[in-house]
Amino acid sequence: MEREKEKEKESDSDAGVLSGEDLFEGSVDRAEDVTDSQEISTPAPGSPPKSAEVPDGGLDAWLQVFGAFVIMITTWGLINSFGVYQTYYETDLLKTSTSSDISWIGSLQGALLMMGGIISGPLFDAGHFHALTISGLFLVLFGTFMTSLCTTYWQVLLAQGICIGVGCGLLFLPSAAILSQYFARRRALALGLQSTGSPIGGIIFPIIFSRLQPRIGFPWATRVIGFLLLALAVVPLVFMRPRAPPPTHKRAFIDGSALREAPFWGFAVSGIGAFLGLYVPFFYIQLYSLRFDIAPSELSAYLVTLLNAGSVFGRILPNFVADYAGSMNMLAATTLGASIVAFGWFGVKDLGGTVVFALLFGFFNGGVTSLPPSAIVSLTPDMSRLGTRMGMLFFVIGIAVLVGTPIAGAILKDPEDTVRWKGLIGFGAATMFLGGVGFIVTELLHLRDKRRNEKVEVN
């Protein structure tokens, strides 16, 4: 009898620990999510460690952040730099191809990065982090060096679009997911710092390419970027390693219960709208400045750099505020902010206005691209299925990233036509506005379902 009582006390103690600390698998955890009343069960062997066991700091933990930061430079940083390649291809290497055709290269990179999560997520959960990291880095490096040898459109599409895109897809989600094994209370800070690698890469690579390409040519300018990526690859390969052993159960690729939830569908539809137009300025701001004589060619390349500079602050401040105001609320706010600034692009006619536009749009873009993981957490009632839902939603968003800028390029068609530029700007701004409104509706649907569930529990 005494042993049974002791076991009951131990189980009560364990339950108390778990009720105070939510256990998330492969994403960010926010204050709003920790306070939500959710059904928590004792984790199975091999699941991520409890919050009480997570170091939440220390040399090993911050080295994981550093490694994930480098992977963000290698993935999103490279993709955010495509604007300088877009302009170079249109004016030199691939000038016989249309704007829409060339946009497919960059959009394919971003789409494969997002859509790759539906594969890399389950493989990460199964304990294949190192295999994903090695193969992903190899594909990114191989694609970059092969791009330097390309002379035709289909070669660039295969090397820069598909090869680099698949490599990024293998790297992105696992590099963020591993941080949940090292951080609990400070996870928001860790994810915020990690995500700044994207705009920093987007600042560095356009400067390198625009400065070196006129001097040493396209092939060697691209190879210099490749050698820099090769040096950076040492960091995640040496320092990054999972703390938790792989789970004993396999995770499904599709969560059927999510398809019966209105907030899940609301987020998916809103994400399509938001990301359809989100990268239009990144791909076309340099070409816009050249077409309307806003900036000389040597200066116009830095406009992509300014977009990424604004994004650095946009990835930190909105995430900090999201701890208090809610991730979905901040996602809606930053998406609407991006759409309002995009509508302001209609009135930009000089260099000063273009600089202000680039910094402001970059800021809101940073919020839109960094907040979805934590927003998805708030919509997930069963945290054991979080990784699956993230993969599903990232796959849908990836489709929007894939077709968004090519649609804008098809609208533009002729860069010399002023009216078509207005159509391109209007497309990007309008889709982001619809996405922002959709995120508001999604949050209202989530609150409705939450109240309904609370009433059922009371009854």
Side-chain angles (χ1 to χ4, degrees), residues 27-28 76 79-80 103 106-107 109-111 113-115 117 172 195 198-199 262-285 307-308 310-311 314-315 317-319 321-322 325-345 357 360-379 389-408 411 424-446:
S27 186
V28 109
W76 275 117
I79 292 171
N80 286 344
S103 293
S107 66
Q109 281 184 321
L113 181 149
M114 302 290 285
M115 299 166 78
F172 171 58
S195 69
S198 169
F264 181 89
W265 282 104
F267 190 97
V269 174
S270 304
I272 291 174
F275 281 82
L276 270 175
L278 192 63
Y279 291 100
V280 171
F282 278 83
F283 280 41
Y284 290 100
I285 189 171
L307 281 167
N308 285 290
S311 183
R315 290 169 182 270
L317 294 179
N319 279 274
V321 176
S327 296
M328 186 62 71
N329 292 330
M330 286 306 301
L331 180 58
T334 52
T335 306
L336 290 174
S339 72
I340 292 171
V341 175
F343 277 117
W345 196 5
F357 165 78
L360 285 176
F361 186 84
F363 175 84
F364 288 110
N365 172 277
V368 178
T369 54
S370 61
L371 284 164
S374 57
I376 295 171
V377 169
S378 67
L379 298 179
R389 293 193 176 205
M390 285 182 63
M392 293 168 65
L393 288 170
F394 281 167
F395 184 88
V396 173
I397 291 173
I399 296 174
V401 174
L402 175 65
V403 302
T405 50
I407 291 175
I411 293 172
L424 178 144
I425 295 171
F427 165 76
T431 53
M432 284 185 284
F433 180 80
L434 292 175
V437 173
F439 285 133
I440 294 175
V441 174
T442 300
E443 176 66 2
L444 293 175
L445 290 172
H446 171 60

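Any value given below was found using the heavy atoms of this structure, including those in side chains, with hydrogens, waters and symmetry copies removed. Here the structure is a predicted model, which is why all the values come from computation and not from measurement.
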More than 12 heavy atoms of other residues, nucleotides or ligands under 6.0 Å from CZ of Phe433: is that the case? no
Taking side chain to side chain contact (heavy atoms under 4.5 Å, CB included) as the criterion, tell me which of Leu276, Val280, Ile272 meets it with Thr431. Leu276
Nearest non-hydrogen partners of Pro199 and Asn308, listed with the distance: CB-O, 2.9 Å
Considering residues at least two apart in sequence or located in another chain, which fulfil the side-chain hydrogen bond (donor to acceptor under 3.5 Å, both in side chains) criterion with Tyr279? none
Quick one, Phe363 and Leu360 - any side-chain contact, counting heavy atoms below 4.5 Å? no
Can you confirm whether Leu113 sits close enough to Val401 that some side-chain heavy atom of one is under 4.5 Å from a side-chain heavy atom of the other? no
Heavy atoms only: give me the nearest Ser270-Thr442 pair and the separation to one decimal. OG-OG1, 3.6 Å
Hey, what do you get for CH2 (Trp345) to CZ (Phe361), rounding to the nearest 0.5 Å? 8.0 Å
All heavy atoms of Phe439 vs all of Ala274, minimum pair found to be CE1-CB, 3.9 Å
Atom CE in Met392, atom CE in Met115: separation rounded to 0.5 Å? 13.5 Å
Do Thr369 and Ser198 have side chains that get closer than 4.5 Å, going by heavy atoms? no
Judged by modelled atom types alone, do Tyr284 and Thr405 share a side-chain donor-acceptor pair under 3.5 Å? no
Search all heavy atoms of Phe275 against all heavy atoms of Pro372 and return the closest pair with its distance. CZ-CG, 4.4 Å
Write down the atom of Ala322, the atom of Leu371, and the distance for their closest heavy-atom approach. CB-CD2, 3.9 Å
Arg389 to Leu379 - nearest heavy-atom pair and separation: NH1-O, 3.7 Å
Could you go step by step and tell me if Thr335 and Phe364 meet the side-chain contact (heavy atoms from CB on, under 4.5 Å) rule? CA-CA 7 Å; Thr335 306; Phe364 288 110; over 6 Å; no
Phe267 side chain near Met328 side chain, heavy-atom distance below 4.5 Å: yes
Just jot down the side-chain hydrogen bond (donor to acceptor under 3.5 Å, both in side chains) partners of Ser311, sequence neighbours excluded, or say none. Arg315
Taken in chain and number order and not counting sequence neighbours, the residues that satisfy ring pair (Phe, Tyr, Trp, His ring centres under 6.0 Å) with Phe394 are none
How about Leu278 and Asn365: do any of their side-chain heavy atoms sit closer than 4.5 Å? yes
Distance col, row Asn329:CG vs Thr334:OG1, nearest 0.5 angstrom, shows 10.5 Å
Could you tell me the separation between the OG atom of Ser107 and the CD1 atom of Ile407, rounded to the nearest 0.5 Å? 9.5 Å
Contact between Ser370 and Asn319 at the side-chain level, heavy atoms closer than 4.5 Å - yes or no? yes
